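Just so you know, these numbers use all the heavy atoms, side chains as well, and skip hydrogens, waters and symmetry mates. When a ligand or atom number is given, it counts from 1 through the structure's own listing order. Just so we're clear, the structure is a prediction, and the values are computed from it rather than from any experiment.
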Amino acid sequence: MKVSQMYAPTLREVPAEAEIPSHQLLLRAGFIRKSTNGMYTYLPLAWRVIKKIENIIREEMDNKGAQEIMMPIMQPAEIWQESGRWGVYGAEMVRVKDRHGHEYCLGPTHEELVTSMVRMDVKSYRQLPLNLYQIQDKFRDERRPRFGLMRSRDFIMKDAYSFDRDIEGLDKSYQDMYDAYTNVFTRCGLTFRPVEADSGAIGGNGSHEFMVLADTGEAEIAYCTSCDYAADIEKAELNVVEAPEEAEQALEMVETPNCKTIADVCAFLNAPVDKSMKAVAFSSEKGLILCFVRGDHEVNEIKVANTVGVNEVEMADESLLVEAGTVGGYMGPVGLDPEKVTIVIDQSVMKMHNICCGANKEGYHYVNANPGRDFKPTFVADIRLAQVGDPCPHCGAKMEKARGIEAGQVFKLFTKYSKAMNATFLDENGKEQPMYMGCYGIGVGRTMAACVEQSFDKDGIIWPVSIAPYEVLVVPVNAKDKESWDKAFEIYEALKKAGVEAVIDDRNERPGVKFKDADLIGYPLRVVVGPKTIKEGNLEVKARKTGEVSMLPMDSDYIATIVDMLKQL
Ligand code: ATP
Ligand code: MG
């Protein structure tokens with residue numbers, strides 16, 4: 001490829017909406033262009049990276065016996081109604097009608113479609129296990145598309161679906177995918193960590209996310225400083241926090257004017273914050289949910305939704321609170337009507353004594369409220385968010401937090417879809433059984449962006465060789481010097497012949513301009529050919545990653561040396 005012909009329009013200024021390095025650099029270096037909100041065109045350089053990531057994925061999937069297919073993007077509403085998700089998949093799902101008025105969605109994921117196919121074709125245990133995957137555009141009308149390819153509305157996903165006879169089979173398929181993902185992200189040169197993830201209504205320890213570690217990541221991870229426990233903050237389990245025993249005092253309502261926050265109340269009543277209770281109100285498809293945690297703890301929405309058995313919770317409006325007989329800023333569990341509101345109390349609150357909490361009356365709090373005696377929960381559960389310093393649920397050592405980019409997720413579905421959609425097979429005894437399923441996704445564009453997020457400097461992107469758009473850039477520096485100019489072309493041709501993905505910067509530009517673009521785009525190796533180096537009998541080779549410059553004698557087998565250097569990077 002000649003740079004003079006390459007469609008890689010670099011930018012001097014990036015739009016202000018590009019907030020993180022990967023988004024800025026991919027725009028600046030001419031890899032992607034925005035078409036509209038949350039939608040991007042992959043230009044030739046990006047597309048080469050994408051294809052390399054896809055090929056790594058294909059190799060690792062095929063290696064585990066998964067088979068590639070391609071399903072339609074548009075899916076009929078009926079199968080989503082069968083699984084029960086047409087109603088619960090909210091505004092994120094793009095729905096369209098055809099000319100006959102039939103409803104469809106643009107696939108945000110493909111469990112329904114693959115299950116509706118496999119149930120027709122697979123009838124016997126002999127046809128299992130089966131793992132089918134595709135690499136395809138997905139559509140999700142994200143509430144907040146941002147960060148370029150990280151959270152877009154149209155994005156490329158590798159999605160795989162496994163079908164097994166039983167749980168043991170599912171466990172093996174899951175482990176295979178876990179291992180395949182580990183290989184994929186390692187080969188893409190990423191620093192990542194598989195973490196336990198929330199598996200929603202399905203429950204159990206049936207999911208891991210592959211988190212690429214980066215400060216700009218949208219996800220938070222809690223990890224143990226001693227053992228290898230690590231979990232998405234949404235999932236991180238917490239043990240009960242004990243409180244010292246003490247005698248129960250009489251419940252008393254006290255006036256607390258203008259004390260709307262925990263800090264205000266505790267200061268006003270001179271009460272320790274760990275003897276107070278914080279309330280958070282959510283609305284859900286099951287109505288109002290009032291959650292209570294210790295004053296210095298935070299509520300984890302995902303745990304609340306899982307505890308109550310709802311798909312999603314949202315912050316509740318004041319009007320809902322008033323209907324339930326309470327008021328914002330003064331919510332408490334004492335005296336609430338369990339018919340009108342679901343009361344979810346954190347497990348650690350149940351160990352507390354003589355608690356200070358809202359009195360459901362503007363300007364008033366209770367002191368000395370005691371669980372059991374003064375209030376009864378609908379649910380007691382672990383509903384709090386892990387904090388730095390919380391004990392690890394496995395070994396008790398302190399936990400830390402880090403940020404990550406979720407590049408992939410593996411998930412045990414068990415029989416959720418096969419039961420809802422009647423995907424069964426006949427076992428050895430001729431008995432009908434539901435298939436055990438798993439689903440496995442990798443965001444291909446997000447993986448590319450995550451790679452940039454982990455590997456750049458002030459001058460531009462630093463691609464690992466495995467997914468770099470090209471491997472070597474040859475830079476002739478002086479168009480007026482025919483000898484070195486021709487030599488550069490000769491080297492470029494020789495590199496291509498040796499199987500190296502080479503580019504030559506044949507533009508009549510100053511060397512400084514060429515070097516700047518080379519660094520911005522991030523070619524792993526740059527070979528400079530100019531009158532001076534040629535006269536000295538050398539080629540100058542610079543590694544983008546280390547900045548190391550090597551002089552290769554012209555009378556040596558420098559092509560072999562360059563090939564070797566690429567392998568070492
Ligand atoms: P997130 O929590 O970040 O919204 P998700 O858990 O909804 O992601 P999955 O359904 O697990 O995503 O999809 C599999 C993979 O697809 C994710 O691990 C991620 O890499 C990628 N992905 C999901 N949503 C997007 C998006 N809006 N833009 C780009 N990639 C995405
Ligand atoms: Mg996910």
* Asked: Which bit of Glu406 is near ligand 1, meaning a heavy atom under 4.0 Å away: side chain, backbone, both or neither?
  ->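 The part of Glu406 near ligand 1 is both the backbone and the side chain.
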* Asked: Side chain, backbone, both or neither: which part of Ala407 comes within less than 4.0 Å of ligand 1 when only heavy atoms are counted?
  ->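 Near ligand 1, Ala407 shows its backbone, while the atoms from C-beta on stay back.
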Quick one: look up the protein heavy atom nearest [atom] and list residue, atom name and how far away it is.
| atom | answer |
| --- | --- |
| atom 28 (N) of ligand 1 | Ser152 N, 3.1 Å |
| atom 25 (C) of ligand 1 | Arg446 NH2, 3.3 Å |
| atom 11 (O) of ligand 1 | Gln409 OE1, 3.0 Å |
| atom 14 (C) of ligand 1 | Met157 CE, 3.8 Å |
| atom 12 (O) of ligand 1 | Arg140 NH1, 3.3 Å |

* Asked: Could you go step by step and tell me if Lys158 and Tyr440 meet the side-chain contact (heavy atoms from CB on, under 4.5 Å) rule?
  -> CA-CA 8 Å; Lys158 185 286 299 177; Tyr440 317 93; 4.0 Å; yes
For ligand 1, which atoms sit closer than 4.0 Å to a heavy atom of [X]?
| X | value |
| --- | --- |
| Glu142 | 24 (N), 26 (C), 27 (N) |
| Gly408 | 18 (O) |
| Met150 | 26 (C), 28 (N), 29 (C), 30 (N) |
| Leu149 | 28 (N), 29 (C) |

* Structure fact -> Report for the Mg ion (ligand 2), protein N, O or S closer than 2.8 Å, by chain and number, lists Glu406 OE2, Gln409 OE1
* Quick one: does Gly443 get an N or O within less than 3.5 Å of an N or O on ligand 1? -> yes
* Can you measure from CD1 (Ile462) to CD (Gln454) and round to the nearest 0.5 angstrom? =>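 Ile462 atom CD1 to Gln454 atom CD measures 12.0 Å (nearest 0.5 Å).
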* Without swapping roles, check the side chain of Lys52 against the backbone of Ala468 for a donor-acceptor pair under 3.5 Å. =>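 Looks like yes, one N/O pair under 3.5 Å.
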* Does the ring of Tyr470 carry Arg48 above it, NZ/CZ under 6.0 angstrom from centre and within 45° of its axis? -> yes
* So which heavy atom on Ala46 is nearest to which on Met448, and how close? ->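 Ala46 and Met448 have their closest heavy atoms at CB-CE, 3.7 Å.
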* Minimum-distance pair of heavy atoms, taken over all atoms of Thr182 and Phe192 -> O-CZ, 3.5 Å
* Asked: Do Glu92 and Pro108 have side-chain heavy atoms sitting under 4.5 Å apart?
  -> no
* Asked: Any idea how His208 and Tyr174 line up, ring-wise: parallel (<30°), tilted (30 to 60°), or perpendicular (>60°)?
  -> tilted
* Asked: Which residue, Arg384, Lys278, Lys303, forms the salt bridge (Lys or Arg N to Asp or Glu O under 4.0 Å) with Glu298?
  -> Lys278
* Using only heavy-atom distances, determine whether the side chains of Asp62 and Tyr133 contain a donor-acceptor pair under 3.5 Å. =>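 Yes, a side-chain donor-acceptor pair sits under 3.5 Å.
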* Tyr178 ring center within less than 6.0 Å of Phe210 ring center -> yes
* Going through the checks in order, is the salt bridge (Lys or Arg N to Asp or Glu O under 4.0 Å) test met by Glu111 and Lys416? -> CA-CA 10 Å; Glu111 284 81 8; Lys416 178 177 166 169; over 6 Å; no
* To do: Could you tell me whether Lys235 and Glu209 make a salt bridge, using a distance below 4.0 angstrom between a side-chain N and a carboxylate O?
  =>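 Here Lys235 does not pair with Glu209 in a salt bridge, since their nearest N and O are not under 4.0 Å apart.
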* To do: Ignoring hydrogens, just give me the one of Phe139, Tyr440, Tyr181, Phe155 whose non-hydrogen atom is nearest atom 26 (C) of ligand 1.
  =>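 That would be Phe155.
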* Asked: Counting heavy atoms only, which of Arg151, Arg144, Glu92 comes nearest to atom 3 (O) of ligand 1?
  ->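 Looking at heavy atoms only, the winner is Arg151.
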